[in-house]
**Q** 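This structure is in structure tokens; I'll ask about it shortly.
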Amino acid sequence: MTATGSASDSAHAPRVRIAPSPTGPLHIGTARTALFNYLYARHTGGTFVLRLEDTDQARSSIAYEKDILDGLHWLGLNWDEGPEVAGEAARGPHAPYRQMQRLPKYAAAAARLLAADMAYPCYCTPDELDADRRVQEEARTPPRYVGRCAQLTADERAAREAEGRRGALRFRVGTGLVAFDDVVRGRVEIDVANLGGDFVIVRADGLPLYHFTVVVDDAAMEISHVIRGEDHLSNTPKHVLLFRALGYPEPRFAHLPLILNPDRTKMSKRKSQTAVSDYIAVGFIREALVNYLALLGWATGTEEEILSIDEIVERFDLEAVHKGGAVFDRERLEWLNGQWIRRLEPDDLIDRLRPFIEAEQVAGRIDWLPSDGELRALLPVVRERLPTLGAIGELAGFLWVRSVPIDPAVLVPKRWDAATARDGLAAARSTIAAVGEVTFEADELEPPLRALAETRGWKVGDLFMAIRVAITGRTATPPLFDTIVALGRDRTLERIDRALEALANA
RNA sequence: GCCGCAUUCGUCUAGAGGCCCAGGACACCGCCCUCUCAAGGCGGAGAUCAUCGGUUCGAAUCCGAUAUGCGGUACCA
């Protein structure tokens with residue numbers, strides 16, 4: 001164990017972080033890692049830090065950064081310390097929180113390692129390195145840096161520098177066993193010999209690399225618990241070595257199980273939908289996504305499963321996190337989403353539905369937007385029919401169009417013929433027309449229409465289906481009488497007239 | 001290849017030696033409710049707890065080996 005102690009030994013509240021790399025849109029896996037860090041921080045009264053790891057300049061972009069920050073905000077995973085965004089100043093005592101703005105800190109740390117000969121400049125060219133790798137491959141031996149530049153004298157280094165060659169900085173891994181106690185996995189040991197030799201911490205162009213920056217920053221930001229995906233487990237010994245070399249206390253590590261594609265490989269864009277924004281776009285709501293993600297790799301130990309983020313915070317326990325990976329099951333997410341949609345307050349639901357209804361109009365699928373009053377009246381019958389907010393158009397779009405498509409073939413219920421359909425619709429039309437214009441309500445409509453079916457010897461299902469198709473153009477809709485009321489007396493009668501015309505012409 | 005990690009119904013999971021010939025949820029099937037579609041209620045099917053061996057009076061739970069899977073092995077993160 002370490003003589004320097006551990007960052008988590010302190011009596012202070014935990015400090016955790018999410019350190020996304022803006023090289024792609026917010027990924028489900030990143031969101032889950034952020035969530036677990038957030039849950040741990042909030043449960044323990046600790047601090048949640050956001051740090052942007054943007055040293056991969058070739059792949060990083062502002063657009064991705066925005067997508068990630070927006071996504072985290074949308075999920076409600078607000079950080080206590082983080083970079084300046086949209087004109088707002090950085091928050092927290094360890095600014096800046098963007099790695100590209102912390103370059104001097106890495107340079108200083110690198111200089112210390114170099115001065116102590118714990119790191120050395122390596123002048124090997126990519127070609128040389130490739131050749132080494134090929135030789136090792138053929139010899140069936142594990143790939144590792146051969147150490148060509150490990151023992152260069154000052155003169156030899158100077159000679160190479162004089163040739164104009166810029167060295168990358170390699171960290172000496174030494175020998176021995178590295179061990180650490182992972183909060184979720186227990187003790188993990190790795191022989192340094194399996195680390196692949198001395199690894200590069202600063203590229204020849206001066207840019208520091210991930211394994212190095214992560215350690216420098218986690219130490220500088222006093223991170224006590226590094227909670228991240230299992231894909232970093234094998235690299236953790238490198239970090240431990242670096243913490244020790246730099247004389248920093250080691251944080252505790254907690255490696256979360258991976259989120260998997262259906263084929264049980266690490267969740268990837270190629271095989272799954274991985275961008276949080278894609279889930280937002282089709283109408284998943286934050287409560288459901290957070291609830292679902294929390295339950296991938298963790299459970300309360302009880303049979304509760306529909307939990308708000310605050311309830312999850314209360315119950316969260318890092319030590320109860322699983323070791324095995326979890327397949328992302330979209331159907332279960334959809335079920336949870338429906339559960340949460342049904343739990344939203346009416347006004348809240350209306351607000352969240354708005355953008356999706358507007359999108360329907362933009363797409364030309366509806367002709368106008370409903371008022372808040374109309375929407376509110378509709379909620380009781382649509383809310384349990386919405387697996388996602390984006391389903392609203394399919395479900396109720398027929399209300400906001402000038403006319404619906406009429407297909408005589410579906411207009412006629414299976415047990416009926418065209419003549420009966422005409423007869424039925426005409427009779428229904430007068431029955432509906434007979435209901436007062438002033439009070440036009442569902443329970444005024446139902447009795448006379450049922451009576452009509454009975455006196456004519458029709459199955460109510462058939463009569464109702466003919467009306468349904470005539471006024472909505474579809475066979476699956478919210479309950480008929482609520483639908484008629486929502487449509488209004490005049491438009492209902494008009495649509496029935498249209499249907500009658502279509503039947504006459506057919 | 002090497003190293004590491006993992007392994008309970010198709011999927012997410014409960015389970016920390018006897019309460020388990022394994023419980024819940026999603027999905028699936030059936031019934032009920034019902035004007036369609038949902039929602040809801042009830043019920044069903046679905047796991048020899050990866051395998052083998054050991055410890056123990058007793059193992060999904062402890063130990064070992066094996067198998068399989070995944071992850072890592074970059075001058076990416």
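Since this is a predicted model, take the numbers as computed values, not measurements.
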**Q** Mind telling me whether A/F328 and A/Y292 have parallel, tilted or perpendicular rings, with 30° and 60° as the class edges?
**A** perpendicular
**Q** Using the C1' atom on both, measure B/C76 against B/G72 and round to a whole Å.
**A** 13 Å
**Q** What's the CD-P distance between A/E334 and B/A27, to the nearest Å?
**A** 9 Å
**Q** Counting Watson-Crick and G-U wobble pairs only, both distances under 3.5 Å, name the nucleotide matched with B/G43, or none.
**A** B/C29
**Q** Any side-chain donor paired with an acceptor under 3.5 Å for A/Y210 and A/N235?
**A** no
**Q** My understanding is that a pair needs two contacts under 3.5 Å, Watson-Crick or G-U wobble. By that rule, which nucleotide pairs with B/C20?
**A** none
**Q** In whole Å, measure the gap between the P atoms of B/U7 and B/A50 for me.
**A** 9 Å
**Q** Now, which nucleotide makes the Watson-Crick or G-U wobble pair with B/G4, with each of the two distances under 3.5 Å?
**A** B/C70
**Q** Given atom CD of A/E303 and atom C1' of B/C12, what is their separation to the nearest angstrom?
**A** 14 Å
**Q** Quick one: A/N261 CG to B/G10 C1', roughly how many Å, whole number?
**A** 16 Å
**Q** What contact category does A/E189 fall into here, base, sugar-phosphate, or nothing, at under 4.0 angstrom with non-hydrogen atoms?
**A** sugar-phosphate
**Q** Under a 3.5 Å limit for both distances, which nucleotide forms a Watson-Crick or G-U wobble pair with B/C9, could you say?
**A** none
**Q** To the nearest Å, how far apart are A/E138 CD and B/C2 C1'?
**A** 17 Å
**Q** With a cut-off of 6.0 Å (strictly less than), are more than 12 heavy atoms of other residues, nucleotides or ligands near CD of A/E394?
**A** no
**Q** Give one of base, sugar-phosphate or nothing for A/G229, where a contact means two heavy atoms less than 4.0 Å apart.
**A** nothing
**Q** Can you confirm whether more than 12 heavy atoms, excluding those of A/E163, are under 6.0 Å from its CD atom?
**A** yes
**Q** Considering every strand shown, what is the Watson-Crick or G-U wobble mate of B/C52 when both distances are under 3.5 Å?
**A** B/G64
**Q** For B/G58, which nucleotide is its Watson-Crick or G-U wobble mate, given both distances must be under 3.5 Å?
**A** none
**Q** Base, sugar-phosphate, or nothing for A/R185, non-hydrogen atoms under 4.0 angstrom?
**A** sugar-phosphate
**Q** Is the centre of the A/F199 ring less than 6.0 Å from the centre of the A/F212 ring?
**A** no
**Q** In whole Å, what is the span from the CG atom of A/D329 to the P atom of B/C26?
**A** 11 Å
**Q** If the P atom of B/C70 is compared with that of B/G30, how far apart are they to the nearest Å?
**A** 35 Å
**Q** Please list, by residue number, the residues of residues 405-416 of chain A whose heavy atoms come closer than 4.0 Å to an atom of RNA chain B; answer none if no residue qualifies.
**A** none
**Q** Could you go through nucleotides 38-42 of chain B and list every protein N or O atom that sits under 3.5 Å from one of its N or O atoms, giving the distance for each pair?
**A**
from  : atom 1 : to     : atom 2 : distance (Å)
B/A38 : O2'    : A/E384 : O      : 2.6
B/A39 : O3'    : A/R342 : NH1    : 3.3
B/G40 : OP1    : A/Q339 : NE2    : 3.1

**Q** For RNA chain B, find the residues of residues 475-482 of chain A with a heavy-atom distance under 4.0 Å and give them by number; none if there aren't any.
**A** A/T475, A/A476, A/T477, A/P478, A/P479, A/L480, A/F481
**Q** Does the pair A/E161 and A/Y123 meet the rule for a side chain to side chain donor-acceptor pair (under 3.5 Å), with working shown?
**A** CA-CA 9 Å; A/E161 296 280 348; A/Y123 301 93; 2.6 Å; yes
**Q** When the side chains of residues 475-483 of chain A are checked against the rest of the protein, which donor-acceptor pairs come out under 3.5 Å, sequence neighbours left out?
**A**
from   : atom 1 : to     : atom 2 : distance (Å)
A/T477 : OG1    : A/R468 : NH1    : 3.0
A/T483 : OG1    : A/P478 : O      : 3.2
A/T483 : OG1    : A/P479 : O      : 2.8

**Q** Which nucleotide, if any, forms a Watson-Crick or G-U wobble pair with B/A14, using both distances under 3.5 Å?
**A** none
**Q** Kindly write out the residues that satisfy side-chain hydrogen bond (donor to acceptor under 3.5 Å, both in side chains) with A/H239, not counting sequence neighbours, or none if the list is empty.
**A** A/H211, A/R228
**Q** Going 5' to 3' through nucleotides 61-77 of chain B, assign each nucleotide B (protein heavy atom under 4.0 Å from a base atom), S (under 4.0 Å only from sugar-phosphate atoms) or - (no protein heavy atom that close).
**A** ---------SBSS-BBB
**Q** Rounded to whole angstrom, note down the P distance from B/A27 over to B/C3.
**A** 44 Å
